[in-house]
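Step one of this worksheet: look at the structure below.
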Number of protein chains: 2
Amino acid sequence: MALEHAILVSLLEQPGSGYELARRFDRSIGRFWTATHQQIYRVLRRMETDGWIAAQAVTQDGRPDKKVYSAAEAGRSALGAWLREPVEPETVRHELAVKIRAAAFEDPSALIPEVERHREGHAALLARYLTGEQRDFPDPSALDAQQQLQHVVLRGGIEYERMTLAWLDDVLATLHRLHRHAD
Amino acid sequence: MALEHAILVSLLEQPGSGYELARRFDRSIGRFWTATHQQIYRVLRRMETDGWIAAQAVTQDGRPDKKVYSAAEAGRSALGAWLREPVEPETVRHELAVKIRAAAFEDPSALIPEVERHREGHAALLARYLTGEQRDFPDPSALDAQQQLQHVVLRGGIEYERMTLAWLDDVLATLHRLHRHAD
DNA sequence: AATGTCTATGCAACTCGTTGCATAGCGGGC
DNA sequence: GCCCGCTATGCAACGAGTTGCATAGACATT
């Protein structure tokens, strides 16, 4: 399980409450590690019990109080130990690929709108990534280690989206070709 | 849940036992949808109860008997209904990306062997994909609909591996750069 | 002769992840 | 005045997925 490690990284980069973490997971981090607020709150409680993180209650005006967590020394060394372990093979869940192969047993062209919707989502995400890159890393020669590592992960996201867009175009061309020949 | 649909697709392409399905998931299908034999046996039983698939006992010499499943009409129509539903957003779990951002809080160069091992794995997989493409789709102009759809999914895998290799080289270059500047 | 691997299926226990709901005050729109 | 959405946290129940183990005969290796 790496959710606790993803949370640790996020807290090391910037302390925050469960709610704030949930929103970070919805935005940036969620692009390579998803989590709901339920998972996050549960894991935060366990990590606090284990002494990986420390909580500080913050009273607020006009909105509910919150508990701001930050990474403790034990958490930091746990992260170091995890870093030295080999990665487990990633479990892939590519639903669209299943659907494309399934389309052979139905009308393949019925999948076209679905693939197009998918394509739009990836195009929008790529645009957001590129905007974020311009904003956060305008001068790549003036970055510290942390920013350079964040940047290389973002570049991975950008290349992934570019590749996916090209592939979805390939898929669409294939579906259109099958449609024409079925007439 | 799409495991049942992935199994349906696999059974429509070729009937088989739970054990055979588990091995297909280890090889080809597992590249875009993973599953253990436990999951597969459990889902197969449920699908048989629901009438999505039909089982036929096959007695064998020299090895245990098996139950060969094939997709039933109800399963086929369930697959069609699922095809017309919109895809849910994919849940991404990219452990290496978490580790790369975590490396900012440790010695980043300690991650180099890990990334290199990862890179070798992807290079080997790309080689296997390309061999498989040569073997299964030697003449792309002479494919039926099912093969064309299988081929376009394989091309997605190939492009994914190529992109990943290029990105991992980018990651390695970044880690080496950080290592030099830390001296 | 003993050990290990492959085929083939399954139980039991567990952890991980999701969904629905609840609370509760603040502010905005109709 | 009412409903909706945002911040902020949490319970309870369920479903998905993993891990360890068991059975059991056939065959290969040491």
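Chain letters run A, B, ... following the sequence lines, proteins first and then strands; every chain starts at 1. Heavy atoms only: backbone and side chains are in, while hydrogens, waters and symmetry mates are out.
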Those residues that, when tested against B/Glu133, pass side-chain hydrogen bond (donor to acceptor under 3.5 Å, both in side chains) (two or more places apart): B/His151

Nearest-angstrom distance from the residue atom CZ of B/Arg46 to P of D/dC14: 16 Å

Salt bridge (Lys or Arg N to Asp or Glu O under 4.0 Å) partners of A/Asp50, counting only residues at least two apart: none

Close side-chain approach of B/Arg42 and B/Leu3, heavy atoms under 4.5 Å: no

Whole-Å gap separating C1' (D/dG17) and CD (B/Glu4): 14 Å

Short side-chain N/O contact from A/Arg93 to OP1 or OP2 of D/dA16, under 4.0 Å: no

Pairs meeting criterion side-chain hydrogen bond (donor to acceptor under 3.5 Å, both in side chains) with involvement of residues 63-75 of chain A, two or more places apart: A/Glu20-A/Lys66

Sequence-aligned protein contact record of nucleotides 4-12 of chain C, with B where the base is within under 4.0 Å of a protein heavy atom and S where only the sugar-phosphate is: ---BBBBB-

Side chain to side chain contact (heavy atoms under 4.5 Å, CB included) partners for A/Pro86, two or more places apart: B/Glu114, B/Arg117

Separation of atom CD1 in B/Ile40 from atom P in D/dT19, rounded to whole Å: 15 Å

Enumerate donor-acceptor pairs with a distance under 3.5 Å from any side-chain N or O in residues 29-39 of chain A to protein atoms, sequence neighbours excluded.
| from | atom 1 | to | atom 2 | distance (Å) |
| --- | --- | --- | --- | --- |
| A/Thr34 | OG1 | B/Arg93 | NH2 | 3.0 |
| A/Thr36 | OG1 | A/Gln39 | N | 3.4 |
| A/Gln39 | OE1 | A/Thr36 | N | 3.3 |

d(CD, A/Gln39; P, D/dG17) in whole Å: 13 Å

